[in-house]
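Step one of this worksheet: look at the structure below.
Both ligands and their constituent atoms are indexed starting at 1 by order of listing.
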Amino acid sequence: MTAQIIDGKAIAAGVRKDIKAEIDARLNKGLRQPGLAVILIGDDPASTIYVRNKRQACEEVGIKSFYHELPSSFSQEALITLITQLNQDTQVDGILIQLPLPSHFESDKVIECIAPEKDVDGFHPYNLGRLAQRRPLLRPCTPYGVITLLDHIKIPCKGRHAVIVGASNIVGLPMSLELLMAGCTITVCHSLTEDLSDYVKQADILVSAAGSPGIIKGAWIKPGATVIDIGINRLEDGTITGDVEFNAAIKNAAWITPVPGGVGPMTVATLLKNTLSATARYDNT
Ligand code: GUN
């Protein structure tokens, strides 16, 4: 058996096309152009690339991006002042602060300053709480993008065992809440989990967000499983690779995402989708 590849790049292109059509329809009705404020602090090379991709994707679908590129010496107080201004700015529908922030920032405190209705990353405790209660508003982009992928290839979730590797507040934890909401039985593994392979071997749907190249051995994949690899790991030679041993895993899995070209493009497309829904919220006000 060889797994079918989940073409995140193509599926994301379809999502972006739909968003562009919706934005064009808004503009034709005389409604306002959506706006996204993007904040990058410091010069982390990976963050710089992610932010460039996000801004470019905004431009392509007709979302105006307001870019704030700030030095790593910027203070937390000044950042909170900026967020407060953006919360009040009627041109700005969404606010994105690229993470990780330099170490002198308290990320949790900063994120809580974003108005929940503009929190297009879905990281504010209000939005995570809504997701935990299965009545989500703005949903974290990567996990929500994974759900879109599973829907697209018509993978049934109800009653199936999903194993999530990684429990971060921005990916693993909301991923587990999304899959619980979709009807899966969930197991969340993390850095303190003993005998990781025992859990992975039981997964009908495996989602790895460990950020550790090759941590998931191909031989552990249950025959017929769906494998979603969220890891984006840069090796010393510059190659980008996932968490899963791809060449071995394709022998067991029924479906698998490649890295790159799997989940990554869905994160960006979902950010655009969230920005549009944050915009639509204000149409009647
Ligand atoms: N850093 C890594 N992933 C993300 C994301 O989805 N959003 C933001 N803001 N920062 C990130």
Grouping ILVMFWY residues whenever side-chain heavy atoms fall under 4.5 Å, the cluster of Tyr50 otherwise contains Ile232, Ile240, Val259
Protein neighbours of ligand 1 with a heavy atom under 4.0 Å, given by chain and number, are Lys54, Leu96, Ile97, Gln98, Leu99, Asp121, Phe123
Original post:
In terms of hydrophobic clustering (I, L, V, M, F, W, Y; side-chain heavy atoms under 4.5 Å; direct or indirect links), are Ile155 and Ile256 co-clustered?
Top reply: no
Mind listing the side-chain donor-acceptor pairs of residues 119-126 below 3.5 Å, one per line with the distance, residues two or more places apart or on another chain?
{"from": "Asp119", "atom 1": "OD1", "to": "Gly122", "atom 2": "N", "distance (Å)": "3.3"}
{"from": "Asp119", "atom 1": "OD1", "to": "Phe123", "atom 2": "N", "distance (Å)": "3.3"}
{"from": "Asp119", "atom 1": "OD2", "to": "Phe123", "atom 2": "N", "distance (Å)": "3.0"}
{"from": "Asp119", "atom 1": "OD2", "to": "His124", "atom 2": "N", "distance (Å)": "2.8"}
{"from": "Asp119", "atom 1": "OD2", "to": "Asn127", "atom 2": "ND2", "distance (Å)": "2.8"}
{"from": "His124", "atom 1": "ND1", "to": "Tyr126", "atom 2": "N", "distance (Å)": "2.9"}
{"from": "His124", "atom 1": "NE2", "to": "Glu112", "atom 2": "O", "distance (Å)": "3.3"}
{"from": "Tyr126", "atom 1": "OH", "to": "Arg130", "atom 2": "NH1", "distance (Å)": "3.0"}

For this session: Spell out, as yes or no, whether a donor-acceptor pair under 3.5 Å connects the side chain of His104 to the backbone of Ser73.
Result: no
Residue set satisfying side chain to side chain contact (heavy atoms under 4.5 Å, CB included) with Tyr199, at least two apart, ordered chain then number -> Val163, Thr187, Cys189, Thr193
Partner of Asp204 under side-chain hydrogen bond (donor to acceptor under 3.5 Å, both in side chains), picked from His161, Lys222, Arg160, is Lys222
